[in-house]
Amino acid sequence: MVFDETFDVLVIGGGHAGCEAASASARLGATTALLTLNLDLIGQMSCNPAIGGIAKGHLVREIDALGGIMGRVIDRTGIQFRLLNRSRGPAVQSPRAQADRALYRLEMRNTLENTPNLSLRQGMVVDLLTPNNTVSGVVMQDGRRIGAKAVVIAAGTFLNGLIHTGRTTYTAGRAGEPASVELAETLKRLGLPVGRLKTGTPPRLDGRTINWEAFQRQRQQADERPVAFSFSTDKIEQPQIDCYIGYTTGQLHESIRKNLHESPLYSGQIKGVGPRYCPSIEDKVVKFADKDRHQLFLEPEGHDTNEVYLNGFSTSLPAGLQQELVRMVPGLENANIIRPGYAIEYDYIDPRELGPDLQVRRIAGLFHAGQVNGTTGYEEAACQGLLAGINAAFLSQGRPRFGLRREESYIGVLVDDLISQGVDEPYRIFTSRAEYRLAFRHDNADERLSKYGREIGLVGDREWERFNQRRDRIAKIKKALTGTRIRKSDPAYIALAEKTALNGVDSISLEDLAKRPGMTSVLISQLLPAEARLAGPVEDVEFALSDNLYSGYIKSQENAIQRLHAHDTLLIPSGLDFRAVSGLSHEMAERLERAQPVTFGAARRIPGLTPAALATLLVSVSVSA
Amino acid sequence: MDTIVALSTPPGRSAIGVVRLSGPASLQILRALVQQDLFAPEPNRVVLKSLLVDEGVLDQCLVTYFQAPHSFTGEDMVEISCHGSPVVLRQLIDLIQSHEARLAEPGEFTLRSCRNGKMNLSQAEAIRDLINAQTQAAAVQATRQLSGELAQALQPSKHELIRVIVTLESAIEFVEDDLPAVQLDDIKETIDRIIADVANLAETYRAGHLLRDGLRVAIVGRPNVGKSSLFNRLLMFERAIVTDVAGTTRDSLTESISLQGIPVSLTDTAGFREAGDKIEAIGIERTRRAMADADLLVLVIDGSCSLREEDQQILEAAREHPFVVAINKTDLPQVTAGKNLNGAQVVHVSALTDEGIPQLTAAILEPFSSLDSASVGLLITDSRHHDLLIRAKNSLAAASRSMDQGAGEEIVVADLHNALRFLGAITGETTSEQILGEIFSTFCIGK
């Protein structure tokens with residue numbers, strides 16, 4: 001085959017998955033091209049202009065620890081940073097930032113344009129070349145043929161995208177952008193199982209027409225240090241803005257209920273399954289009819305625009321009706337919609353077709369990342385992009401595949417869930433999906449993953465040095481925590497005894513003191529010897545105390561899980577013929593064949609697998625091991 | 001699916017031996033065994049057939065055919081009851097294997113039954129208990145668990161636990177959503193209530209264990225007080241050698257008896273005293289062990305002599321266990337009337353005349369008096385279930401303690417998840433997806 005151009009790796013799609021994939025692949029030395037429908041929309045945030053949140057913020061920090069780019073880009077373009085769950089334990093705190101949508105896009109494009117080995121190409125991919133079930137390249141709509149050893153599909157909602165507003169439907173990948181129909185058909189033709197999902201987005205308002213006084217200002221606390229996503233960021237430079245909170249009214253709910261027949265969600269027009277945690281305003285009003293108000297967030301889209309994102313008002317009602325309904329919100333009486341909300345249905349490929357490296361098992365060199373795998377969220381997409389990009393580059397270079405375990409990271413949990421259980425609604429990460437939540441803190445993502453980033457080759461010398469220095473500082477603090485004792489004779493003792501019950505003990509180590517109720521990292525920090533305290537930021541002390549706080553619980557949790565799931569790490573030989581396992585029913589063998597679990601633990605999590613089938617599998621695998 | 005075969009009665013010589021086949025080839029194999037290609041037995045009907053081999057008739061047997069799905073495993077099954085000669089049974093199973101069947105793995109019939117939806121995991125475990133059930137009361141108990149009662153009894157606790165987890169998880173995951181504030185007092189109260197319920201269920205294990213394994217009773221006392229005579233009395237045959245020489249019993253003897261339908265394993269022990277020789281020393285060491293293992297001690301005292309130092313020592317040693325004092329030899333003039341025994345339960349008996357034996361039996365069975373075999377409630381009989389309940393209880397208690405100490409939700413919920421995992425090992429797992437499902441149907445989540 002004659003190609004117009006040839007690369008090691010092609011990435012289809014310039015969204016959050018595509019950007020990470022292209023950047024990682026190119027930086028690992030693979031010649032890489034990012035193919036996108038519109039170069040000006042690289043890194044576009046299709047839905048709300050924010051990154052992070054509980055568990056999602058963890059993902060971004062894990063991406064950063066591995067050497068991905070999302071954390072750096074949001075740190076440079078974020079206009080409101082918050083640490084969610086600040087009043088709760090460190091394991092469930094997570095950073096979130098509001099982005100300047102346009103700046104984020106520009107910063108991302110700029111980052112990619114300045115990446116060696118990376119080429120950007122505009123155009124639509126219409127066909128994949130897969131002779132002998134091995135990827136060799138793609139065909140573009142304009143007839144160009146581009147060769148490659150590996151292709152990453154990160155097409156987002158574009159595969160057979162269909163937009164709904166009221167009864168009106170039209171094909172599109174996002175509002176105002178064409179859908180990718182031929183590529184979707186190509187994937188079907190390759191025999192990949194395709195499903196249909198749905199998501200939605202709220203209307204955007206003209207900020208000049210909002211009565212801001214009617215809303216409650218949500219501002220950053222003066223004493224809150226903005227928490228950056230990237231371990232390499234020293235300071236957040238963007239000027240910070242406020243968001244605003246308001247509420248819907250019972251009268252508005254009544255109007256929505258009256259107009260439900262106009263909603264494609266309720267008329268049966270939409271077949272795809274939407275995310276339960278991101279319900280449309282129609283859904284909220286119907287499913288939680290007893291609630292007399294629902295919360296809305298007004299999120300400014302950037303410094304240089306009047307556009308405001310009406311978070312909480314996702315809808316697919318007709319555009320004209322949306323305008324009427326929005327004006328029923330107190331404070332939005334005169335508000336104008338500048339972009340109506342809509343619902344979009346799109347194709348996804350069953351992620352159980354993938355291996356832990358996100359490569360399609362039946363087609364060598366084909367990788368899937370992001371929403372095509374049935375996930376939702378920029379962060380979920382980005383981490384898959386990173387993993388797929390690394391593995392695509394590795395494949396082209398003959399390096400062994402790279403994967404993460406669910407015992408060590410949220411990325412590992414996400415990938416394992418996807419490839420072993422598949423999805424029946426858009427998949428979002430939650431902290432409760434992780435068995436080892438207490439061990440996965442956002443601030444220790446580097447401790448958990450930077451070693452891999454370094455080995456892979458994505459963590460540079462500067463970042464590695466930074467990581468090691470922090471590690472040394474924290475080790476010193478930990479030593480000081482165990483070594484420093486507060487004695488009855490110390491002046492601090494009396495003051496402490498007022499804050500927490502010391503029960504008259506003669507002396508107590510800072511480590512033990514920190515576990516007492518009423519103690520804070522600031523208080524403990526003040527008691528540390530100056531050389532430990534002053535060597536780095538107060539976050540170092542918080543880090544050491546968090547490790548201290550959770551160590552016992554992490555151990556007891558490990559014990560409980562190991563006792564019950566002692567066989568989880570047992571490897572299932574690759575290529576095991578499940579149909580030949582004596583005692584496994586046809587149906588059970590089929591489920592196993594689909595999921596291709598790598599370990600017994602993965603098999604245990606396959607939905608619908610009976611305890612008897614698991615027992616049978618366990619016997620068979622233990623015998624053959 | 002292949003066809004499996006196994007001997008389903010205990011191995012060894014017995015009156016009847018039952019061989020079972022399960023799988024699609026069961027009927028075909030039966031036809032081969034009776035050498036009738038067109039043999040079409042009516043399902044669930046017992047018929048007398050001769051099993052034929054080249055040399056002639058192997059055995060005259062009762063055969064029953066069960067048609068899928070109306071059988072124990074849900075598959076085609078054949079049951080062959082033949083004479084319990086180990087040689088015949090061995091030959092028959094070999095013969096069956098020469099047709100298209102293989103020897104079943106341990107528990108494979110039950111496994112198939114589970115897989116075909118005939119029973120759930122805890123029912124499967126109850127089957128094992130049923131097979132091992134020694135007494136009628138235990139059989140009733142096993143039958144109850146068969147109907148999934150244990151899983152059912154745990155449902156309310158599990159449900160409450162999930163509700164608490166859902167509340168705490170929602171608070172952690174959806175901090176920006178407009179959720180009702182978490183009422184920590186309510187949660188603590190609920191957790192403590194679940195602890196009590198789980199603990200109550202776990203505590204039935206002692207009674208359940210007595211029902212299944214029977215009561216272990218050891219007869220102890222200083223030498224020559226008549227322990228072996230009493231032992232023989234209770235067994236109703238002369239098992240132990242009885243002489244008037246002190247120290248005749250040198251080793252512990254154990255026999256199983258049924259006292260009013262309750263299984264009792266009765267141990268006669270060597271007399272408790274300073275050992276005279278090495279053999280006696282070993283015997284006394286065994287006595288100590290038998291005492292440690294026993295659920296109940298019968299402490300025998302010679303009523304015709306005054307209490308001795310050795311009697312007092314044994315009384316002291318027995319304090320750690322439930323025990324009954326049997327003052328023996330009421331046929332002789334009595335010197336010790338059961339005084340100075342610190343209120344221990346006392347029965348006057350004569351191993352010679354049988355006087356007081358019914359009273360002693362009643363005293364031994366005292367722990368069962370509350371367990372009327374027909375009307376017992378749900379009892380835990382499986383040590384694995386007991387272990388899981390205790391672990392669940394401990395995890396819940398840790399969560400409750402953490403709440404008292406003002407620990408964060410993520411720490412409290414970690415222990416609650418552990419508790420749910422332990423309960424789940426009995427009732428079936430609760431996945432994180434199910435918890436999320438509960439959250440989304442309880443609260444309006446999402447911007």
Side-chain angles (χ1 to χ4, degrees), chain A residues 48 53-55 84-85 88-92 96 202 247 275-279 284 287-288 291 293-297 311-312 314 417 421 430-435 437-438 517-518 549-550 553-554 556-557 560-561 563-565 582-586 588 604-605 607 610-613 615-616 619, chain B residues 1-2 4 102 105 107-108 110-117 120-121 124 165 168-178 387-388 391 395 398 402 404-411 413-415 417-419 421-422 424-425 428-429 431-433 435-437 439-441 443-447:
Chain A
N48 72 328
I54 309 291
L84 301 183
N85 270 342
R88 291 199 163 84
V92 293
R96 178 185 192 270
Y247 294 93
R276 283 170 300 174
Y277 34 78
C278 206
K284 290 183 189 178
K287 291 187 180 149
F288 295 91
K291 273 198 94 165
R293 62 175 202 179
H294 291 281
Q295 211 173 21
L296 299 173
F297 292 81
N311 207 343
S314 172
D417 281 351
Q421 305 194 41
F430 291 106
T431 65
S432 56
R433 295 196 193 271
E435 293 81 356
R437 165 161 65 191
L438 298 181
L549 171 68
Y550 289 132
Y553 296 101
I554 291 171
S556 91
Q557 208 177 0
I561 292 174
R563 185 176 297 275
L564 286 169
H565 308 315
S582 107
L584 266 189
S585 73
H586 186 71
M588 294 297 134
R604 196 172 52 73
R605 288 185 292 273
T610 61
T616 310
V619 171
Chain B
M1 185 60 59
D2 51 5
I4 51 175
R102 65 171 171 80
E105 307 281 351
E108 201 174 357
T110 312
L111 194 70
R112 289 187 175 200
S113 177
C114 279
R115 202 187 44 241
N116 292 323
N120 64 33
L121 199 59
I165 290 176
L168 293 175
E169 288 289 6
S170 308
I172 292 171
E173 302 272 14
F174 305 105
V175 59
E176 289 190 293
D177 287 275
D178 194 16
D387 179 64
L388 288 166
R391 285 179 196 284
S395 297
S402 295
D404 287 338
Q405 291 163 1
E409 289 97 335
E410 81 282 14
I411 287 176
V413 93
D415 279 318
H417 276 299
N418 282 347
R421 284 188 190 104
F422 290 125
E429 248 183 274
T431 61
S432 65
E433 198 55 49
I435 302 265
L436 287 167
I439 292 177
F440 300 133
S441 60
F443 301 113
C444 182
I445 300 290
K447 288 184 182 175

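Letters go in sequence order (proteins before strands), and every chain restarts at 1. For the numbers below, each heavy atom of this structure counts, side chains included, while hydrogens, waters and symmetry mates do not. Quantities reported herein were computed from a predicted structural model and do not represent experimental measurements.
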Show your working on side chain to side chain donor-acceptor pair (under 3.5 Å) between A:Tyr550 and B:Glu410 and close with a plain yes or no.
CA-CA 10 Å; A:Tyr550 289 132; B:Glu410 81 282 14; 2.3 Å; yes

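- Neither the backbone nor the side chain of B:Ala398 comes within contact range of chain A; no heavy atoms are under 4.5 Å apart.
- Contact of A:Phe430 with chain B is made through backbone and side chain together, with heavy-atom distances under 4.5 Å.
- Residue contact with chain B, scored on non-hydrogen atoms closer than 4.5 Å, involves the side chain of A:Lys291 exclusively.
- Of the two parts of A:Arg437, only the side chain, counted from C-beta on, holds a non-hydrogen atom closer than 4.5 Å to a non-hydrogen atom of chain B.
- Both the backbone and the side chain of B:Glu173 come within contact range of chain A, with heavy atoms under 4.5 Å apart.
- Judged by distance alone, the side chain of A:Asn85 and the main-chain N or O of B:Ile172 form a donor-acceptor pair under 3.5 Å.
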Stepwise, does the salt bridge (Lys or Arg N to Asp or Glu O under 4.0 Å) test hold for B:Arg421 with A:Glu435?
CA-CA 11 Å; B:Arg421 284 188 190 104; A:Glu435 293 81 356; over 6 Å; no

Chi angles and distances behind the side chain to side chain contact (heavy atoms under 4.5 Å, CB included) call for A:Ile54, B:Phe174:
CA-CA 8 Å; A:Ile54 309 291; B:Phe174 305 105; over 6 Å; no

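- Using modelled atom types, one side-chain atom of A:Arg88 and one backbone atom of B:Ala171 make a donor-acceptor pair closer than 3.5 Å.
- Contact detail for A:Phe297 and B:Glu176: the closest heavy-atom pair is CZ-O, 3.6 Å.
- Between A:Gln295 and B:Asp177 the shortest heavy-atom distance is OE1-C, 3.7 Å.
- Heavy atoms of A:His586 lying under 4.5 Å from chain B are absent altogether.
- B:Val175 places none of its side-chain heavy atoms less than 4.5 Å from the side chain of A:Val92.
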